[in-house]
K.L.:
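Have a look at the structure that comes next, please.
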Amino acid sequence: MIITKDDREIELMTEAGRIVALVHEKLKEVIVPGITTNEIDQICDKIIREHGATPSFLHLYGFPNSVCTSINEVVVHGIPSNRKLKDGDIISVDVGACYKGYHGDSAWTYAVGNVSNETKRLMNVCEGALFAGLEQVKPGVRLSDISHAIEEYLTKNGCTTPRDYTGHGIGTNVHEDPAVPNYGAPGRGPKLKKGMCLAIEPMAHLGAKETVTLDDGWTVITKDHSLAAHYEHTIVITDDGYRILTKL
């Protein structure tokens with residue numbers, strides 16, 4: 001069941017989203033060669049708590065850390081560790097904050113030092129796919145119109161997207177109905193309504209779409225070890241479009 005949010009709930013989700021955005025602002029500064037993903041996790045946790053929220057992902061389904069840190073071929077759900085980032089790496093950091101019972105969720109991919117032109121292209125294409133999907137959002141539009149726009153943008157630009165991981169509804173739970181795939185035919189699924197809150201999150205691979213989950217039960221990598229990127233915003237559907245909640 002898709003739950004629409006009232007003005008009070010949207011106000012709380014706006015604050016949750018603002019806290020997530022503050023974390024990403026800090027990440028722009030601190031993600032440099034030599035930092036460990038554990039240090040990134042600790043920085044994110046501290047900012048979230050300093051603003052009266054708690055990390056949405058800590059212990060969610062048993063996840064051991066406050067944020068997901070996914071390096072290079074890792075698509076999603078990378079576990080922070082003592083691994084140091086190197087010049088030329090990319091890292092996707094997925095951040096969630098729960099404020100007074102309501103969640104905000106946003107992932108972004110960061111370049112570590114100097115990255116190749118092909119890596120930059122992947123990042124630009126994945127971010128572009130996010131906004132191609134968002135361009136479809138307004139009341140009355142079918143959910144799969146978002147999915148189709150994302151897939152079309154990725155395909156046109158020579159990237160693939162995994163089939164097992166999707167965007168989602170969000171509110172008092174991190175993951176609510178509906179699932180928002182990053183692929184599919186247009187004109188299907190429920191119609192969007194004012195007050196729906198969605199986390200739209202394309203993932204893009206430079207290689208094939210297939211993925212493998214490592215033995216830790218969390219870390220998802222591209223099967224062919226090609227680079228992956230991940231961009232996500234939480235939005236609320238308004239009278240005539242949408243508003244991004246996870247930006248300043």
Side-chain angles (χ1 to χ4, degrees), residues 2 17 20-21 24 28 70 75-76 90-95 104-111 115 117-170 175-211 220 222 226-248:
I2 301 173
V20 170
H24 279 293
K28 292 176 188 176
S70 303
V75 185
V76 287
I90 56 172
I91 181 169
S92 301
V93 185
D94 196 351
V95 179
D105 183 7
S106 173
W108 220 252
T109 301
Y110 297 92
V115 300
N117 288 335
E118 188 73 343
T119 301
K120 290 176 185 174
R121 185 179 73 82
L122 170 69
M123 295 169 66
N124 289 335
V125 169
C126 194
E127 184 177 359
L130 169 61
F131 288 96
L134 290 177
E135 283 177 9
Q136 303 301 311
V137 176
K138 62 182 179 181
V141 166
R142 293 284 183 183
L143 185 71
S144 77
D145 291 343
I146 302 172
S147 308
H148 180 72
I150 289 171
E151 182 181 29
E152 190 173 56
Y153 189 93
L154 291 172
T155 302
K156 180 179 70 176
N157 288 283
C159 291
T160 62
T161 192
R163 293 302 193 257
D164 297 331
Y165 306 95
T166 70
H168 50 90
I170 184 169
H175 299 120
E176 298 183 353
D177 289 336
V180 188
N182 295 310
Y183 62 92
R188 298 178 181 177
K191 288 184 178 180
L192 304 183
K193 295 179 181 178
K194 180 184 176 182
M196 284 183 181
C197 292
L198 303 173
I200 310 297
E201 52 176 322
M203 301 139 209
H205 303 171
L206 278 178
K209 65 180 181 291
E210 288 77 19
T211 61
V220 177
T222 53
S226 60
L227 287 181
H230 180 198
Y231 287 81
E232 174 186 23
H233 270 313
T234 297
I235 65 165
V236 59
I237 297 165
T238 61
D239 285 317
D240 56 359
Y242 67 93
R243 178 164 60 91
I244 295 173
L245 301 181
T246 44
K247 74 173 187 178
L248 299 178

K.L.:
Within a strict 4.5 Å, meaning less than it, do heavy atoms of the Leu130 and Tyr153 side chains meet?
P.N.:
no
K.L.:
Report yes if some heavy atom in the side chain of Asn182 is under 4.5 Å from a heavy atom in the side chain of Thr166; otherwise report no.
P.N.:
no
K.L.:
Drop me the distance from Leu198's CG to Glu232's CD, to the nearest 0.5 angstrom.
P.N.:
11.0 Å
K.L.:
With distance as the sole test, does Ser144 use its side chain to make a donor-acceptor pair with the main-chain N or O of Ser147 at under 3.5 Å?
P.N.:
no
K.L.:
Any chance you could measure Leu206, atom CG, to Cys126, atom SG, to the nearest 0.5 Å?
P.N.:
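One finds 10.0 Å between CG of Leu206 and SG of Cys126.
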K.L.:
Considering all heavy atoms of both residues, which atom of Asp145 and which atom of Gln136 are nearest to each other, and what is their separation?
P.N.:
O-CG, 3.5 Å
K.L.:
Looking at Cys159 and Val125, what are the two nearest heavy atoms and their distance?
P.N.:
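Answer, listing the atom of Cys159 first, then Val125: SG-CG1, 3.9 Å.
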K.L.:
Would you call His24 and Tyr110 a side-chain contact if the rule is heavy atoms closer than 4.5 Å?
P.N.:
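Of all side-chain heavy-atom pairs linking Tyr110 with His24, at least one is under 4.5 Å.
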K.L.:
How long is the span from the CD1 atom in Ile150 to the OH atom in Tyr183, to the nearest 0.5 Å?
P.N.:
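Nearest 0.5 Å value for the CD1-OH distance: 12.0 Å.
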K.L.:
Quick check against the 3.5 Å criterion: does Thr234 have a side-chain atom that pairs as donor or acceptor with the backbone of Asp105?
P.N.:
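Yes.
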K.L.:
Check whether any side-chain N or O of Glu151 sits under 3.5 Å from a backbone N or O of Gly184 as a donor-acceptor pair, and report yes or no.
P.N.:
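Yes, Glu151 side chain to Gly184 backbone: donor-acceptor pair under 3.5 Å.
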K.L.:
Any side-chain heavy atom of Lys138 sitting closer than 4.5 Å to one from Ile237?
P.N.:
no
K.L.:
Considering residues at least two apart in sequence or located in another chain, which fulfil the side-chain contact (heavy atoms from CB on, under 4.5 Å) criterion with Thr119?
P.N.:
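Partners of Thr119 under the side-chain contact (heavy atoms from CB on, under 4.5 Å) test: Ile90, Val115, Ser116, Met123, Leu227.
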K.L.:
If I compare all heavy atoms of Ala228 with all of Ser92, which pair ends up nearest, and what's the gap?
P.N.:
O-OG, 4.4 Å
K.L.:
Keeping the roles fixed (side chain from Thr211, backbone from Thr222), state whether a donor-acceptor pair exists under 3.5 Å.
P.N.:
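No.
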K.L.:
Do the non-hydrogen side-chain atoms of Ser106 and His233 ever get within less than 4.5 Å of each other?
P.N.:
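A side-chain contact under 4.5 Å exists here.
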K.L.:
Can a salt bridge be assigned to the pair Arg121 and Glu127 using a cut-off of 4.0 Å between side-chain N and carboxylate O?
P.N.:
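Not counted as a salt bridge, because no side-chain N and carboxylate O are separated by less than 4.0 Å.
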K.L.:
For Ser226 and Gly207, work out which heavy atoms get closest and say how close.
P.N.:
OG-N, 3.1 Å
K.L.:
Would a distance-only check, ignoring hydrogens and angles, find a side-chain to backbone donor-acceptor pair under 3.5 Å from His230 to Pro202?
P.N.:
no
K.L.:
Within a strict 4.5 Å, meaning less than it, do heavy atoms of the Ile200 and Ile235 side chains meet?
P.N.:
yes
K.L.:
Taking atom CD of Glu201 and atom CG of Asp94, what is their separation to the nearest 0.5 Å?
P.N.:
6.0 Å
K.L.:
Please list, one pair per line, the donor and acceptor atoms closer than 3.5 Å that link side chains of residues 185-195 to other protein atoms, with sequence neighbours excluded.
P.N.:
unit_1	atom_1	unit_2	atom_2	d
Lys194	NZ	Asp239	OD1	3.2

K.L.:
Which heavy atom in Ile170 sits nearest to a heavy atom in Ala199, and how many Å separate them?
P.N.:
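That closest heavy-atom pairing would be CG2-N, 4.2 Å.
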K.L.:
Counting only N and O atoms by type, is there a donor-acceptor contact under 3.5 Å from the side chain of Thr161 to the main-chain atoms of Met203?
P.N.:
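Indeed, once roles are kept as given, a pair shorter than 3.5 Å links the two residues.
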K.L.:
Where do Leu134 and Tyr242 come nearest, in terms of heavy atoms and distance?
P.N.:
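Closest approach of Leu134 to Tyr242, heavy atoms only: O-CE2, 3.2 Å.
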K.L.:
Does any N or O in the side chain of His168 come within less than 3.5 Å of the main-chain N or O of Ala179, such that one atom is a donor and the other an acceptor?
P.N.:
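Answer holds: no.
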